[in-house]
Amino acid sequence: MLQNRCDVHTHTLYSRHAYSTVRENVLAAREAGLELLGVTDHFSDMLFPNTDLTRGSLRDYQHFINMRVWPRTWEGIRLLHGAEADIRTLDGRLFGQGIEVAEDITGRSLSAAATLYDRVVAGCDYVIASVHYKEFAAGASLAQTTQMYLGALAQPKVLVLGHTGRAGVPFDVDEVVGEAARRHKLIEINEHSLEISRRDGRTWTSCSKIAEKCAELGCQIVVNTDAHICPSIGRTPNALEMLERIHFPQELVATRSAEAFLSAMATTGLEVPGF
Ligand SMILES: [Zn+2]
Ligand SMILES: [Zn+2]
């Protein structure tokens with residue numbers, strides 16, 4: 001039986017279509033026997049569609065700038081600060097990278113201008129890059145959509161590519177998994193994708209093919225719930241069933257222990273917090 005002791009893609013009330021607090025998720029993580037929880041709310045204008053895409057304030061996104069107040073170890077669970085940022089262009093730029101921020105959360109002018117992305121990820125230990133809006137990729141060639149994921153992988157704070165098997169944007173799996181392996185970055189196997197595909201089957205096949213390629217090319221994966229409510233935290237029966245069917249090697253599961261995940265973070269140059 002494959003071990004999985006971290007859940008590093010989870011949502012809280014901040015994500016608007018998710019329903020639990022950080023503490024509820026922490027307690028659920030403890031109950032599920034996890035060692036480490038990563039909270040990765042949506043960093044996307046899906047939450048605030050009136051976001052000005054050129055010049056903005058931090059107000060709607062202030063959740064991300066004060067995560068330092070969370071206990072690093074809470075109820076025995078190590079807690080990481082993350083964000084699930086939308087991939088928004090074919091060169092792999094992320095939401096907020098084109099938005100200049102000149103005001104703080106009270107509306108006062110900031111002394112130094114920066115992008116919304118930079119302000120937000122400064123408070124994050126790592127970023128998951130995922131496609132939710134795929135209109136920008138309509139009509140794109142496979143070479144272009146592959147470049148999109150390669151561009152996202154090249155971003156320093158991006159540690160994980162999120163739910164690539166269900167994003168609905170086809171890409172060259174060999175190239176993207178190969179590049180992730182070279183950069184020691186992580187490909188997500190997402191429980192929610194597999195749960196959905198109990199009904200359609202197609203997503204299951206595409207997730208399984210991605211996992212097989214990771215095993216072949218020695219790319220580490222993360223097995224996450226993408227929980228939007230606390231009872232889902234740490235529960236990945238479908239993902240583990242799929243991985244066991246293909247005899248996925250335990251040593252390539254970066255979420256097998258807190259130590260393994262933190263060492264994967266460190267290998268990519270990300271700072272590992274003290275707990
Ligand atoms: Zn997502
Ligand atoms: Zn998510």
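For ligands, and for the atoms within them, numbers begin at 1 and follow the listed sequence. Scope of the values below: all heavy atoms of this structure, side chains included, with no hydrogens, waters or symmetry mates.
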| message | I'd like to know if Lys213 pairs up with Asp172 as an ion pair, taking the criterion as any Lys NZ or Arg NE/NH1/NH2 lying under 4.0 Å from an Asp or Glu carboxylate oxygen. | response | no

| request: Report yes or no: does His9 have an N/O/S atom closer than 2.8 Å to the Zn ion (ligand 1)? | output: no

| Which is the closest N/O/S atom of Glu84 when seen from the Zn ion (ligand 2)? | OE1

| request: Fit a plane to each ring of Tyr149 and Phe171, take the angle between them on a 0 to 90° scale, and name the class: parallel (under 30°), tilted (30 to 60°) or perpendicular (over 60°). | output: perpendicular

| What orientation do Tyr61 and Phe48 show, parallel under 30°, tilted 30 to 60°, or perpendicular over 60°? | perpendicular

| said: Strictly under 2.8 Å, is the Zn ion (ligand 2) approached by any N, O or S atom of His11? | reply: yes

| message | How about CZ on Arg245, more than 12 heavy atoms from neighbouring residues, nucleotides or ligands closer than 6.0 Å, or not? | response | yes

| query | Is the distance from the Zn ion (ligand 1) to the nearest N/O/S atom of His132 under 2.8 Å? | reply | yes

| For Asp226, what is the atom name of its N, O or S atom nearest to the Zn ion (ligand 2)? | OD1

| query | Quick one: is the NZ or CZ of Arg88 closer than 6.0 Å to the six-membered ring centre of Phe95, and within 45° of its axis? | reply | no

